[in-house]
Every structure is written in structure tokens, then in C-alpha cells.
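First up is the structure itself, then whatever we jot down about it.
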Amino acid sequence: MSKTTQSGSEPPTDPADDPRSNYDYQSSEVEEPELVDDLEAIVEGEVRFDTYSRNLYATDASAYHQLPIGVVIPTSVSDVQAVMEYCAEHSIPVLPRGGGTSLAGQTVNEAVVLDFKKQLDGIVDVDPDGETVTAQPGITLARLNNHLKQHGLKYAPDPAWGDKSVLGGCIGNNTTGAHSLKYEKADGYVEEVEVVLADGTVTTFGWMDIEALHERADSVGEDAGIEERVYAVVSDILRNKTDEIETRYPDLTRNVSGYNFDKLLQDVKARGEVNVGRLLAGSEGTLGIITEATVSLEPIPEETSVVLLTYDDVISAMRDVAPILEHDPAAVEVMDDILLDLARDTAEFSKLVGTLPEGTDSTLLVEFYADSIEEGKQKVADLLSDRLPGYGAAGEPSEDGIRTDDAIQAVDALEAYDDDRKAKFWKMRKSGLPILLSRTGDDKHWPFVEDTAVPAENLPEYVADIQELFDEYDTFASYYAHAGPGVLHIRPLLNLKSDDGVEQMLEISDAITDLVIEYGGSVSGEHGDGRARTTWNKKLYGEEIWQSFRELKAAFDPQGLLNPGNVSGDFDPTENLRYDTDYEFDAGFDPDMNWDNENGFQGMAELCHGCAGCTGHQDTTGSVMCPTYRATENEEITATRGRANMLRRAMSGDLPEDVFSDEFIHEVMDLCIGCKGCKRDCPSGVDMAKLKTEIKHEYHQREGIPFRDRLFANVETLYRLGSTFAPLSNAAMKLPGTGLFMEKAMGIARERDLPTFKRNTLKKWDSGRTPAVSAAEADRKALVIADPYTNYTQPEVGKAAVRTLEAAGVHVEIPDDVTDSGRPAHSKCMLDASRATARANVDALAPRVEDGWDVVSVEPSDSVMYQNDYLDLLSGPDVEAVAENAYSVMQYIDTFRLDEALETATKEELSYHGHCHQTASSRDHHAVGVLRRAGYNIDVLDTTCCGMAGSFGYEAEHYSMSKAIGRLLFDAVEDSPAEEVTAPGTSCRSQLAGTDRIEGKPPHPIEKLETALQ
Ligand SMILES: Cc1cc2nc3c(=O)[nH]c(=O)nc-3n(C[C@H](O)[C@H](O)[C@H](O)COP(=O)(O)OP(=O)(O)OC[C@H]3O[C@@H](n4cnc5c(N)ncnc54)[C@H](O)[C@@H]3O)c2cc1C
Ligand code: SF4
Ligand code: SF4
């Protein structure tokens, strides 16, 4: 099999291959070196049995933890075959893994993990006429669908995290998503799978006439191989267990508990054929390893329309589900009060939740598919005239619209027809789970009964019973997700670090299993069995089906090597928990910054729950988090999740070496570039940049601060000298051999041009000037900070800021006593230095702020330093006052609509790359707004951090990583229709300078605003 189409953009050269890099994504301590030698001799892919890799693959999005034996990253089916053959010979368990987004612990096992996401992610063939695609298992569903869009087709199962999870994992868990009212689970789309069996043989499972199956089964002899024995067992099940299957399997479209015998039966009835490949769906890696899959596709609907119905309580919302289903929606999704309250507190969704009518407790998001916008509006209008009479819908209801007799439950509605609004509604709903997991205390909302399903008409009684049960245990949960097909996400709040918590987990699971059975439902309607639910399958299906599960497993996997314990095994759900009574946490130092959350530094260090939100790609997920993972294309240790897992493991004493060892610092901490992307994009707000700053600060206390760090932290002195001796200093930098010397002597990458210093600084320019607007005639007074970059190297940016603000009627001064914000020292994690600068600046600025001055920076990372980071370093009303009155120049103009006083004229097209710190603090829209009002046609680039990250990109060992991250930005600039790009960050402009599309350094947005002035 050959990989014919690359799904995403071409993978970059691995930055770790640069001989100057001091990381290779692994630790030097390797477990089982002989096993490694053996495997390396038979596979082309990487074999990683080091302690870091084992820890990185020890968790997924579930409550569980178990160290794997090691990790292999296969590059071909031959690699997979070789590993399986070897492991079968030596009785070593094997676990195939995709995105590791499983919520029940099915990718957590003591086994050799095969990571498919990293390398085996190609599209092999698309057959638009036959509406099928053949692909490798490691491709994300989002990339698969991006590729299929050109044919008007899509792979229909749409799990919420489809941009992080992959085809193999999707089939492995029998995944489906919000649109399961219209589509089937993954099993319904499997046409053919290439599978490596438990003895290493490779075979293909596809459609087979039922009679042919029985004939083949009847001729199976004693010494038959795995494939033949599988046919024999499947034939036996279909001949002898049909009554039991029909009786015991719940009548639901969303049942993924156990092996899916019901699907086989449906296929036999519908087409007289059987597809053993479909048994692999939902088998959770226990039956075979998929190396290629051909799946059928669905046409992409022309249009969708969305309406959010609001309710006074969740039971009313549940009562409305069944009548809404009469209207044939594509999705019905619930969010209750707990989630809405949590969403209200997030920067991303507070505005949207704020538009809901006062008193809203719960919502149902209802989506329709339609052939046109008009039809979409009409379907919403039909629904509303039935379920919310009197509401003035945007569309006209049809005359023969459905009328249900049920009592009215909804209170109000919000309609969405444009793509942005629809996407926002959906995003809020899909981020539900991680938002819920923002709690930083020991009590957390754990997944173990989080995807039960019951028929929609039973939801009100079922939810009422669960609430009663939770009252008994003095706990609560939120109710959200796919109410239409009866699947609710329910996560009770428990402290699993206590005996009581673990006991409650078991008792609640048991009681909910009983309830589910009583209401004709399933223990798992979405996320699978794994460690959490395998144990309940016997109760759900009864002894006979359970025995058939075991017979099937024995036929596929006689030695029990494939992901043992899952589906038909003997997992105890209270074992191998990530947190339990033995768990201990010791940071090993006293944190230095302000940690205001419930559990301080530890609360933040334990906040990541492994959902894998930080493992998306730039082309499908967008936004900022996490640039290093995107640049390395799927290196787990370079994702926020990888770092968080490593940190927690180290601080709970489970890594051989200390957090403060050189290796941990270089491999885990140093590659976090402090872009703060996770602080905003991680729906739980994991602030890895702040965690890293604390840890590196402590590392400095222990090991001393390297000379280069001191140099970069002291930009003010360095740049002052450069400016004083300009143009001599500039000429010296350009002498042949200077770059190499700088690299050898100071570790500064030879490829980087150092800044060109200006003798005529911003301050010099200002000193001979009378402000154009006097304090007396101005409504606002601004202190424009002459930060070292602006003052000594780009005074023209500062001048543009001063002149534009004055044109807008602002009285402007450039203070002499405040220059460096402390950002350079802070980004080198030198907290004593950054705090001292912050203290001096606050002392200087606070009295002036009180006197009505605003603090304005042209450098975005400086404004965020004043606005946010100072609050991590200092406490008190004076720092709060400075933080509240600090602005970036474009934010300042936008916030006070100063541009209303400006006369501008332009129609130029510009692309805009925002600074990651501003994006992370949700202040990036200001520049775009101002430039658009000035007349520019702005293409806002959906870009991550530029990769410079202060001095990171100048450091020789990080140069290649910086460039690999930058490539994501260069590609976006290249793809933009705009000829010119603007960016507020100095570092971003340096990174962009000299790339294909750009001559010299791109301008700052304030320069473009000044250019547009008439
Ligand atoms: C925030 C969040 C939202 C989610 N929303 C949904 C949702 O809407 N719907 C839904 O169904 N699920 C959802 N899930 C669960 C999960 O994301 C899906 O089940 C997803 O399809 C798993 O894909 P993955 O690539 O992460 O697989 P993994 O977790 O890596 O693996 C899943 C299973 O497949 C097996 N497997 C992986 N690759 C192979 C292979 N090549 N051959 C054989 N077996 C293999 C693994 O052994 C494992 O048992 C959600 C999870 C999270 C964290
Ligand atoms: S860092 Fe955030 S997004 Fe990433 S896995 Fe952890 S919780 Fe999820
Ligand atoms: S701060 Fe940026 S680089 Fe660091 S973990 Fe967060 S998103 Fe990744």
C-alpha cells in the first residue's frame, strides 16, 4: 500500500534534526534496551521506550493512568506487522492509538503502544462516484473531510474533537457525533479494512455473502488460522444468538457498549451480507490493528440553520426533546445551567451567553439540514410555531407544518443563519466538556458514566432519577450533549484522591447501570467501554452475550495480547486511576507568583485533564494553541497536554529525575515558548506559560542564570549601547564571521540578523518637541512608553503612534522614567528582575494614572505585561490601577473610539497577523476594527505564535523550532490575497522580514493607520 496523498501541508523538517538543538522529545533513560534493539532491527519507524515517552502515552482524556511498555511510531503496514509478529512471539501486549482522546481509558494499558497519528496519516484513494475514501488510520477526521470537500462529500461521523482524533480511533471507538440523528455510527460506514491480526498476519475484511460465511465456517479445521476461526465464531453467533441479540441489545442508534453484534444482524437482514470489518468498529483495539480503511461517504448538506431554544430548567428541556424530534432535525443538543454558568465566565463565550434571555437555565441547540437558506429558515419557523408559538421567527412557517400536542416548554429562542453565529453556537456546545473541567480543586467532574443513552422519550424521568441519586451521594453533575439520540454527558463531581470518592464512583456507576437498563438504554452511547465501563457489559447484556464476546475475542486474539482487559475483559474501574489515595504532589519549591485559583500552583499543575484540545493542527483547528505541536506535526511532548502530563508526573515523584534537571528543562519546559495560547484556547485555561515561568525561575535559583539569558533580559542596556555607537555597532554586526562568532560565543543563531540600531531615538525626537495637543485642550492624556525596541530600533513606529494620537486630539507625553516593561526579563523567567522593574514602573505610573493619564504601548507584549503579568508579580490597588489603565495603542484608539476624530482614506488590502499575547488575552480585535474603519480591507490571518517568542528564535538551539513554527505563519501570508501584511509585534515583524512575500520588515498597524490619514 502506498501513501498517495498527503492530507495536510507537507511535514516540516524535524527541528530536532538541527545539530544545534538540545532536545529529541525523549529522555536518555531507556527501559528494556534489549527489546528496543530487537524492535529497532525490524521496523523503520521510531522505537521510544524512554521514561518520558512512556509517561506521555500513559494517559488519555480519561481518569486513568498506566505506563505503557514503550511506544513505536510505525511508518508502514510492514512496521505494524513486524511489531505484532514480534510481540506475539514474546507474548507482549500491543495497543494501537490514534489521537488519544478516549474518555474511558481505552488507550491506557501496559502494552507496546503503536502511535498512528504521527506518520500513517495519508489518503490512499477517493472514489467520488462510489462515494468512498480509502485512508490510513492516523488521519484526523477534519483533514480527511477538508480533502473530501472538493467532491461535495464528507465522512459523516462527527465527534466534537474530529480535528484532533483520527480515523483509526474513530472506528476503534465506533464514534459518532452530534448529527447521529441523520447518520450512523462509524460501523455503518466501514466498507473494508486492512487489518494486522494478533499473530502478525495481514488480511482484509469486507463484504461477504452470509451463505459464503457459513460455508467457510463449516470447513474450519482444528489447525485453522485466526481469520478462519473468526469466521467460525461470527457464523455461530449469527446462526445461534440472533434472538438473544435482539432481546438484549437496546433499541438505540447510539449504543457502543460491547461488540456490535446488532450491526452484523442488521446488515444480514438488510442485504444478506456480512462485513466482519464492521466488528472492528467499537472493538477498541482488542480484535485487530487497522492499517487502512475504506469508508463510505455522505453528501455535504447544502445549508444548515440553527436555533437555540431556552428553558427555565433542564427537565423542561428534556420534555421538549421528543416533540422536537418530530420535526426531523439533524441535531438536538442540550446545555444546562452549570455549563452555561461556566461558559459565562470564559473570555470566549461570556458575550454569547450574555445574549441569552435573563433567567435562562438550559438550552437546546437544534440544527436543520436544508437545500437553501430559505428552507432552513422555514424549518426553524415551523419548529418555533409549534414549540414556541408567538415567537416572531425570521422565516415564514409552511402551511402544513407539524403540530405536536405536547405542552409548551421553551421560553425563548435565538436563531442563527450566518456561518459565524452558527459556528459560535456550536463551539460553545462542543467546548462544554472541557469548560466543565476548569475546576482547580481536588473535586473534579470525572468521566465514568458520562455518555449513557436512553430513548429520548425516557429522558425526563431518567434525568430526574439521576438527580435523586446524586442527591443521595451529595454530589451533582451537569447535563449536556446529544439529547436528540438520548445521549447525555453526565460527570458527577468527586474527589478521587479520597477513599470515599473512589467508592462513590463505583457505587454510582453500578446504580446508573441499573437505571439505564430500566429505561431501555445503554451504559455507553458514545465513548466506549475502556477501563471505566467494560465491567458493566455483563450486567447490560447478560451471561450469554458476554460469553459470545469472549469467544469472539479468543478467536481474534488467542493470547489476549490486543489491548487486553477492554470490552470483554476484567478491568476493575477503580484501579489505575490518575489520582487516587496514593497520589501525592510536591512541587518541591515555594512558588513565587500570585496563584489565585482554588488550589494554587498545584491546582494549575493538575488542571489538564488530557482532552487533547491542544493537539489540533493549524489548517483545521486554527487559533494559537499549541504552536510547537503544530510545528512538529504531532510530537506529544510539544503539546500543552504533554507538558502538563510530564509536570504532574514529575511533581508527584513518578519520574526518575527532577523537574529541575537539565534534561527536563530542555525537553519539556524550554520548548514551551510562553505564547499564552493555552491560557485562552485550552477550554479549561491551563496556563502553561505561567507554570513554565515559575519552574524556570526556580531552576535559575538553583543553577544560576546563564549569561545569554541575562543579556536578553537586559535589552534596555544592550540597545542603549547599540544606539550610542550606531552606525559603528550596526556595521560591526554585519562584518563577515560575526554571525558565527555570536553563535559560538553566545549561542545566538548565526542565521538571525540582529536589530539595526538608530542613533536618533524616539526619545531624542520627542525631547525637542512641543506636544501638538496641550493637556488643557485634550479629553485624554496618554503616556506613550518608549520601550527599548521602539526607542532604539524602530522610532518610526513610536512617532507614528504619537502623531496619530495627537491627530485624534490626545495629549501625549513620552515618560523618561518608564521604558522597559520588564517583559524581556519575564520571558527569560527572571522573576526578581521582572518584579523589580514592575515595582519601579508601578511606583512611577500609579500616581499619574490617578491623575488621569493612560499608559499606552506600541509593543503588544508590553501592554499585556502591564495589563496581566504585573498582577501575577505584585498585589495592591496601585498595580491594579496601572493594569486597568494600560492599553496597546490600537486597543486605546478602539476602546475610546479616538479614530472618530481622524480623517482617513484608503481602500488598500492588508493581511493582519495578531500577536499571540494579545490574542490570548482577547484584545486582538481592536487593531482590526480600527484599520477596517480607516478603510483597509483586512484579511485576518488565523495564525498561531510567529515562533520568535521574544528571544527564543534567536537562540541557536531553538532556531529551527522557531522557523518551523514561523512556517505556519509564512504559509498563511502566502495564501492571503492581500499583498501587504501588518503585525503589531516587533518579534513577529522580524520573523516575517525577508520571507518570500515580504520585502524588509512589515509595518506596525499604527503606521498603516497614520498612512491612511488625510
Ligand atoms: C472533548 C471531547 C469530545 C468528544 N466528543 C465525542 C463525540 O462527539 N462523539 C464521540 O463518539 N466521541 C467523542 N469523544 C471521544 C473520542 O474523541 C472519540 O471516540 C474519537 O473518535 C477517538 O479518536 P482518537 O483518534 O482519539 O482515538 P484513540 O483514543 O487514540 O483510540 C480509540 C480506540 O481506538 C483504538 N484504535 C486506535 N487506532 C486504531 C487502529 N489503527 N486500529 C485498531 N484500533 C485502533 C484504540 O486502541 C482505542 O481503543 C470526545 C472526546 C473528547 C475529549
Ligand atoms: S492542556 Fe487543555 S486542551 Fe490540552 S489536554 Fe490539557 S485540558 Fe485539554
Ligand atoms: S504557552 Fe504556548 S507554547 Fe506553551 S504550552 Fe501554551 S500554547 Fe503551547
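Each ligand, and each atom within it, is numbered from 1 in the order the structure gives. Quick caveat: nothing in here was measured; it's all calculated off a predicted structure. Positions are given from 1, in the same order as the sequence printed here. Atom set for the values below is all heavy atoms of this structure, side chains included, hydrogens, waters and symmetry mates excluded.
- Taking every non-hydrogen atom of Gly613 and a distance limit under 4.0 Å, the qualifying atoms of ligand 2 come out as 3 (S), 8 (Fe).
- Separation of the His527 and Trp161 ring centroids does not fall under the 6.0 Å cut-off.
- Side-chain contact of Asp60 with Ser102: a donor-acceptor pair under 3.5 Å is absent, judged by distance alone.
- The closest non-hydrogen atom to atom 7 (S) of ligand 2, taken over Lys679, His609, Arg641, comes from His609.
- Not a single heavy atom of Ala644 lies less than 4.0 angstrom from ligand 2.
- Between the side chains of Thr253 and Ser180, no donor-acceptor pair is found at a separation under 3.5 Å.
- Scanning Ala61, Gly177, Gly285, Pro96 for the heavy atom closest to atom 47 (O) of ligand 1 points to Pro96.
- When distances to atom 8 (Fe) of ligand 2 are checked against a cut-off of 2.8 Å, Cys682 contributes no N, O or S atom below that limit.
- Of all atoms in ligand 2, listed by their number and element, those nearer than 4.0 Å to a heavy atom of Ala612 are 5 (S), 8 (Fe).
- By the 3.5 Å distance cut-off applied to N or O atoms, Glu526 is counted among the residues near ligand 1.
- With a 4.0 Å heavy-atom cut-off, ligand 1 is reached by the side chain of Leu103 but not by its N, CA, C or O.
- Judged purely by distance below 3.5 Å, without hydrogens or angles, the side chains of Gln119 and Thr75 never pair a donor atom with an acceptor atom.
- Counting only distances under 2.8 Å, and ignoring water, the protein N, O or S atoms around atom 4 (Fe) of ligand 3 are Cys672 SG.
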